[in-house]
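In this chain, residues are counted from 1 in sequence order. What you see is a predicted model; the values in this text were computed from it and never measured. These values consider heavy atoms only, across backbone and side chains, with no hydrogens, waters or symmetry-generated copies.
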Amino acid sequence: MSHSDSAPPSPVRQEATNLLPKDISLSVNYLPSKFSSGLLSPGARRRKPKVDLSVPKRGGGREAFKTSEPRMPEEGDEDYDGVSGDWFGGKEGGRTHPRMRWNKFKWTLFVANVCLSVYALTGLISCLLTWFDVFEHADIVRVGNRTELILSTIAAAAATITSVFGWAGILLNNRSFLAYYTFFLWICFGLLVTPGYLTYKQRTFNLEGKINAQWSRNLAAAGRLRIQNRLHCCGYYSPFVEATVSQTCYARSVLPGCKAAYLHFERRVLEIWYTVVFSLVPLHIFIILAGLLCSNHVTYRFGKGMMPKAYRLSVNSMAIIMDKYASQLAEQYGSDVASDILARSRSNLGLESPPCTPQTASVSSGSGGGTGRAHEGMGM
């Protein structure tokens with residue numbers, strides 16, 4: 001025998017033979033006790049000492065993270081993650097009354113979203129009232145600060161829609177909604193600081209020159225007339241300089257020019273505008289941090305409470321598990337009994353013969369060896 005025949009198999013070849021196809025569940029490689037330790041150790045510590053210890057514990061909740069507490073979630077759990085059935089995850093055809101217990105992460109999200117909803121709705125209402133010309137000097141803002149007003153309205157509307165996503169995720173314990181909520185918070189942050197930056201730049205750097213250029217170049221006759229009517233003035237410096245003729249503004253009008261009143265109004269409005277916007281920045285950063293840190297912990301359950309896809313049983317996985325069971329039966333009772341039980345099990349489950357895989361090949365060889373050993377034992 002050559003040296004290559006007597007050498008042990010390489011680790012690479014041994015690892016390749018142990019690989020399973022993608023449609024085979026990874027749970028075939030583990031002992032069942034890994035997922036059912038509650039059944040194997042009925043004497044474990046219970047949440048309620050009066051509960052019968054012979055009944056295995058079920059359900060999720062914060063107790064699932066304690067030591068020696070293996071728990072699998074069920075539909076009637078107190079923090080059931082899903083939106084099926086009733087509005088708040090109740091069972092179909094009836095109402096459930098779980099215990100109202102929120103964790104600290106959910107309370108943090110609740111407070112943060114309340115703050116977002118309050119300032120978003122306040123800003124949106126203020127912008128809409130300005131567009132509808134409810135305030136005394138709202139028409140001046142619509143003419144002279146139209147760009148900033150449009151951006152502020154978009155920012156307030158986006159923040160309001162984002163708060164709706166937040167309420168849906170918080171009340172339904174839905175992490176998908178909370179993920180969109182956290183992402184949209186960044187977009188709202190960009191939309192929030194944009195009008196603040198524009199108003200600050202306009203007021204700080206040569207506001208008088210910008211007002212002069214706006215009156216002479218950007219404003220049409222209708223825009224000048226609207227400002228003249230609101231500020232009760234005529235022309236820019238006087239009725240003879242860039243004035244729009246109206247019933248109160250004409251050559252012999254005694255009304256003053258609009259520059260001083262318009263410049264004072266813009267300074268006051270722009271200062272209030274960027275002060276309000278920049279004062280909301282720390283609050284919005286707190287809301288973003290709350291969404292990033294707490295959105296995935298709205299309940300104490302890890303993930304979605306579902307078995308990972310790689311560990312879910314399939315037809316091929318059941319066939320491999322049944323072959324392992326048949327090999328054990330063959331070692332204990334003989335090949336005839338094992339074949340009969342395996343045939344009846346496959347007929348009840350509707351399974352055909354398993355595909356030829358390295359796992360099934362090893363099982364078949366083990367089954368044959370076990371059957372031979374069983375016959376030798378019976379012969380003895």
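- Between the side chain of Ser279 and the backbone N or O of Val276 there is at least one donor-acceptor pair closer than 3.5 Å.
- Note: Leu280 CG to Ile287 CD1 = 8.5 Å, rounded to the nearest 0.5 Å.
- Looking only at side-chain heavy atoms (C-beta outward), Asn145 and Trp273 come within less than 4.5 Å of each other.
- The OG atom of Ser126 sits 10.5 Å away from the CG atom of Leu121 when rounded to the nearest 0.5 Å.
- Of all the heavy atoms in Gly235 and Ala243, the pair that sits closest is CA-CB, 3.4 Å.
- Annotation: ring pair (Phe, Tyr, Trp, His ring centres under 6.0 Å) contacts involving residues 113-143, sequence neighbours excluded, comprise His137-Phe265.
- Phe110 and Trp107 have perpendicular rings, their planes meeting at more than 60° on a 0 to 90° scale where under 30° would count as parallel.
- There is no path of hydrophobic side-chain contacts, each under 4.5 Å, that joins Leu198 to Ile211.
- Leu293 and Tyr181 fall into different hydrophobic clusters, where Ile, Leu, Val, Met, Phe, Trp and Tyr residues are linked whenever their side-chain heavy atoms come under 4.5 Å apart, directly or through other members.
- In this structure, Lys106 forms a cation-pi arrangement with Trp102, its terminal cationic atom sitting closer than 6.0 Å to the ring centre and no more than 45° off the ring axis.
- In this structure, Asn113 contributes its side chain and Leu109 its backbone to no donor-acceptor pair below 3.5 Å.
- Using a 4.5 Å heavy-atom cutoff, the side chains of Glu266 and Arg203 are not in contact.
- Nearest heavy-atom pair across Gly209 and Asn206 is N-OD1, 3.1 Å.
- Atom CZ of Phe278 has more than 12 neighbouring heavy atoms from other residues, nucleotides or ligands inside a 6.0 Å radius.
- Hydrophobic clustering of Ile, Leu, Val, Met, Phe, Trp and Tyr side chains at less than 4.5 Å, counting indirect connections, keeps Leu283 apart from Tyr197.
- Classification of Asp133 and Arg226 as a salt-bridged pair fails, no side-chain N sitting under 4.0 Å from a carboxylate O.
- From Leu255, atom CG reaches atom CG of Leu231 across 11.0 Å, with rounding to the nearest 0.5 Å.
- Looking at Arg267 and Leu263, their side chains come closer than 4.5 Å, going by heavy atoms from C-beta outward.
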Please assess Ser216 against Glu242 for the test side-chain contact (heavy atoms from CB on, under 4.5 Å), listing each intermediate value before the final yes or no.
CA-CA 7 Å; Ser216 61; Glu242 295 180 340; 3.3 Å; yes
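- A continuous path of ILVMFWY side-chain contacts below 4.5 Å connects Leu289 to Val281, so both sit in one hydrophobic cluster.
- A donor-acceptor pair under 3.5 Å links the side-chain atoms of Gln228 to the main chain of Thr244, judged by distance alone.
- Around atom CZ of Phe184, more than 12 heavy atoms belonging to other residues, nucleotides or ligands sit under 6.0 Å away.
- Rounding to the nearest 0.5 Å places CG of Leu178 at 11.5 Å from NE2 of His297.
- Looking at heavy atoms from C-beta onward, Lys210 lies in side-chain contact with Phe205 at the 4.5 angstrom threshold.
- Lys259 and Glu208 are joined by a salt bridge, as a carboxylate oxygen and a charged side-chain nitrogen come within less than 4.0 angstrom of each other.
- To the nearest 0.5 angstrom, Leu149 atom CG is 10.0 Å from Ile154 atom CD1.
- Contact between Tyr237 and Val241 at its shortest, heavy atoms only, is CD1-CG1, 3.7 Å.
- Leu207 CG to Leu270 CG: the interatomic distance, rounded to the nearest 0.5 Å, is 6.5 Å.
- For the pair Pro282/Ile285, no side-chain contact is recorded, criterion being any heavy-atom separation below 4.5 Å from C-beta on.
- Contact record, Ala290 with Thr108: CB-CG2, 4.0 Å, taken as the closest heavy-atom pair.
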Listed pairs under 3.5 Å, donor-acceptor, residues 162-172 side chains, sequence neighbours left out:
{"from": "Thr162", "atom 1": "OG1", "to": "Ala158", "atom 2": "O", "distance (Å)": "2.8"}
{"from": "Ser163", "atom 1": "OG", "to": "Thr160", "atom 2": "O", "distance (Å)": "2.5"}
{"from": "Trp167", "atom 1": "NE1", "to": "Ser117", "atom 2": "OG", "distance (Å)": "3.0"}

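- Both Leu192 and Ile161 are part of a single hydrophobic cluster, where members link through side-chain heavy atoms under 4.5 Å apart.
- Looking only at side-chain heavy atoms (C-beta outward), Leu116 and His284 come within less than 4.5 Å of each other.
- Using a 4.5 Å cut-off on side-chain heavy atoms (C-beta onward), Trp215 and Cys258 make contact.
- A donor atom on one side chain and an acceptor atom on the other are found under 3.5 Å apart for Gln214 and Tyr262.
- Of all non-hydrogen atoms in Leu124 and Thr153, the two that sit nearest each other are CD1-O, 4.3 Å.
- With hydrogens and angles disregarded, a donor-acceptor distance shorter than 3.5 Å links the side chain of Asn103 to the backbone of Val298.
- Side-chain contact check for Ile288 versus Thr182: every heavy-atom pair is 4.5 Å or farther apart.
- In terms of heavy-atom proximity, Cys233 sits nearest to Ile227 at SG-O, 4.4 Å.
- A donor-acceptor contact shorter than 3.5 Å links the side chain of Ser253 to the backbone of Thr248.
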